[in-house]
Amino acid sequence: MAEKFQVVVIGAGPGGYVAAIRAAQLGLKTAIVEREYVGGVCLNWGCIPSKTLLYATELKRTIEEAKKIGVIADKVAVDLDKLRKHKDATVKRLTGGVRLLLDKAKVKIFEGEAAFVSDKEIEIVSKSERVTVESENFIIATGTTPMELPMLKHDGRMIIGAREAVDIPGLPKSMLVVGAGPIGVEMATVYATLGTKVTIVEMLPAVLPTLDADLSAACEKALTKQGMEIILSSKVMSSKKSDSTVEVVIETPDGNKNMSFEWVLVAAGMKPNTAALNLEKAGVKLDSKGFVIVDRHMRSNVSNIFAIGDVAGGMLLAHKASHEGIAAVDSIAGSSMGADWKAVPYAVFCDPEIAGVGMTEKEAKDAGRKIKVGMFPYRAVGKAIATLATDGFTKVIADADTDEVLGIHIFGPHAGDIIYTGTAIMEMDGTAEDLGHIMAVHPTLSEAMMEAALNANKRAIHIPN
């Protein structure tokens with residue numbers, strides 16, 4: 001006889017496990033299903049391990065650059081084995097912590113692959129058993145998987161994805177990164193700092209093409225300065241493997257290029273994990289790309305089935321998934337305000353770091369908004385000058401008539417930490433004047449956000465307006 005629950009969450013990533021804990025907090029009998037590892041991609045192969053590696057490589061670059069101010073180290077070497085062990089220990093600690101939280105909340109964990117039998121029932125298949133589970137409500141939190149390209153067949157050895165890349169199984173002399181989105185740029189930064197000659201190829205005409213144009217341009221300049229070759233408006237047409245290299249043909253605006261690399265990292269986008277769920281048995285509708293179609297309460301077209309996080313499309317961000325999980329459970333409990341946040345921040349952990357929230361300048365103009373823009377360079381910030389961070393800047397986009405903040409974008413160290421203030425301002429419908437009136441501690445890099453907001457109204461103090 002099938003075990004019965006009030007809420008069953010499919011997928012134990014940052015959306016799924018948060019949803020399960022929230023449901024348990026509200027007194028709902030809850031279970032969660034995970035086919036691989038608790039913590040999902042974020043904790044096991046994405047956010048956490050990549051940031052662990054990026055911290056190490058950031059230290060290496062910082063130490064090497066410190067000779068400019070008299071701090072000299074003869075040679076900065078990285079012990080890959082110790083770095084790998086630190087990464088693995090970090091992942092183990094965090095995933096173990098998530099499992100403990102689920103246990104403490106009395107969430108039952110099923111290990112295996114889930115597939116719908118009907119809108120009220122799923123079957124879970126593991127190596128050892130096949131069980132059926134019934135639930136009044138389901139939350140799909142199965143995430144996404146990296147896309148594979150037909151001209152670059154993944155072999156896990158020479159043609160790899162992010163999962164293999166974060167394990168740093170070795171250090172190739174040369175590597176092609178296909179895709180200049182956040183994953184591609186971050187992993188390119190890691191390997192280039194460790195000593196690999198990195199080439200990035202991107203189909204679109206900009207690095208990080210979905211971001212504000214000023215951020216994209218600054219990031220491209222920084223990556224080039226770090227020794228990477230960047231080939232834009234281009235794509236890989238074919239590849240051929242030998243014993244030690246991958247030969248590729250890249251179509252560029254200047255004609256085809258024949259190039260050779262020891263490794264190729266494919267970071268060309270993500271696809272939703274919906275194919276194995278048998279959603280047609282439950283009547284759940286998908287969009288043309290396979291993402292679950294949901295409303296503002298994360299509810300699918302089937303009233304008791306919800307979808308959250310990457311599998312529901314939109315911005316593919318772990319923190320967004322977590323908040324959507326809470327919104328979905330609150331909807332089930334009858335108390336949700338919905339997942340219609342005005343402000344969803346993002347960060348890219350390249351060097352310098354990038355973060356933002358709200359509209360880009362182009363998006364604001366395309367939406368027909370009349371705008372004003374405030375900019376403040378880090379070269380006018382005392383803390384930035386003292387800490388060799390003068391390449392950075394903060395940009396504030398505001399409505400020209402109402403002064404409402406429409407977007408904030410930061411290029412510089414700790415951008416992902418600093419953007420929280422901007423997110424709060426936007427969520428509360430704040431204005432550039434409001435943001436300019438919030439005191440920033442001196443000396444800190446956050447002063448640039450305050451001054452950029454003042455500059456939007458031509459009131460900045462430490463630069464000519």
Side-chain angles (χ1 to χ4, degrees), residues 2 4-35 40 42 102 105 107-108 110 114-124 132-144 270-344 427:
K4 297 181 180 181
F5 295 88
Q6 290 172 287
V7 176
V8 170
V9 182
I10 305 173
Y17 82 74
V18 168
I21 291 171
R22 178 64 155 201
Q25 286 175 346
L26 296 178
L28 301 172
K29 185 180 179 183
T30 306
I32 193 165
V33 186
E34 174 54 51
R35 68 179 181 179
C42 178
L102 291 168
V107 174
K108 182 161 184 177
F110 289 95
F116 281 89
V117 177
S118 71
D119 61 347
K120 296 287 176 62
E121 192 174 32
I122 59 171
E123 186 177 67
I124 304 167
T132 300
V133 172
E134 293 181 15
S135 183
E136 296 172 20
N137 300 279
F138 290 95
I139 299 175
I140 302 167
T142 49
T144 52
M270 308 293 284
K271 62 181 181 181
N273 292 325
T274 50
L277 289 170
N278 286 345
L279 289 172
E280 66 278 2
K281 295 282 185 70
V284 174
K285 291 182 180 178
L286 307 177
D287 69 11
S288 59
K289 294 182 179 179
F291 293 96
V292 180
I293 300 170
V294 295
D295 65 13
R296 61 185 288 267
H297 296 283
M298 311 313 296
R299 192 188 307 268
S300 75
N301 63 295
V302 180
S303 63
N304 68 308
I305 299 178
F306 298 73
I308 62 171
D310 291 5
V311 77
M315 298 173 74
L316 308 184
L317 299 166
H319 48 277
K320 174 174 166 284
S322 297
H323 281 263
E324 287 176 349
I326 292 171
V329 171
D330 286 355
S331 294
I332 291 169
S335 62
S336 176
M337 296 175 63
D340 55 351
W341 305 283
K342 183 177 179 181
V344 179
E427 192 65 36

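Note that this is a predicted model, so its numbers are computed, not measured. For the single chain, residues carry numbers from 1 onward in sequence order.
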Exercise. To the nearest 0.5 Å, what is the distance between OG (S331) and CD1 (I326)?
Worked result: 12.0 Å
Seminar exercise, completed: Taken to the nearest 0.5 Å, the spacing of Q6 CD from N137 CG works out to 8.5 Å
Exercise. Has M315 got more than 12 heavy atoms of other residues, nucleotides or ligands less than 6.0 Å from its CE?
Worked result: yes
For this session: Please answer whether the main-chain N or O of G283 pairs with a side-chain N or O of N301 as donor and acceptor at a distance below 3.5 Å.
Result: yes
Exercise. Which residue pairs pass the salt bridge (charged side-chain N to carboxylate O under 4.0 Å, His left out) test with at least one member in residues 278-287, sequence neighbours excluded?
Worked result: none
Exercise. Which residue pairs pass the salt bridge (charged side-chain N to carboxylate O under 4.0 Å, His left out) test with at least one member in residues 328-340, sequence neighbours excluded?
Worked result: R22-D330, R296-D340
For this session: Could you tell me whether the side chain of S322 and the main chain of V18 form a donor-acceptor pair under 3.5 Å?
Result: no
Exercise. Do you know which two heavy atoms are closest between V133 and F138, and how far apart they sit?
Worked result: O-CZ, 4.3 Å
Problem set entry | side chain to side chain contact (heavy atoms under 4.5 Å, CB included) involving E324 - partner list, sequence neighbours excluded | M298, I308, K320, A339, W341
Exercise. What pair of heavy atoms forms the shortest contact from E34 to A12, and how long is it?
Worked result: OE1-N, 2.8 Å
Problem set entry | A2 backbone acceptor or donor facing T132 side chain under 3.5 Å | no
For this session: With rounding to the nearest 0.5 Å, note down the distance linking CZ in F291 to CG in D310.
Result: 7.5 Å
Seminar exercise, completed: In this structure, CG of L286 is separated from OG1 of T274 (nearest 0.5 Å) by 5.0 Å
For this session: State the CZ-CD1 distance between F306 and I140, to the nearest 0.5 angstrom.
Result: 11.0 Å
For this session: Show your working on side-chain contact (heavy atoms from CB on, under 4.5 Å) between K4 and E134 and close with a plain yes or no.
Result: CA-CA 5 Å; K4 297 181 180 181; E134 293 181 15; 3.1 Å; yes
Exercise. Is any side-chain heavy atom of F116 closer than 4.5 Å to a side-chain heavy atom of V284?
Worked result: no
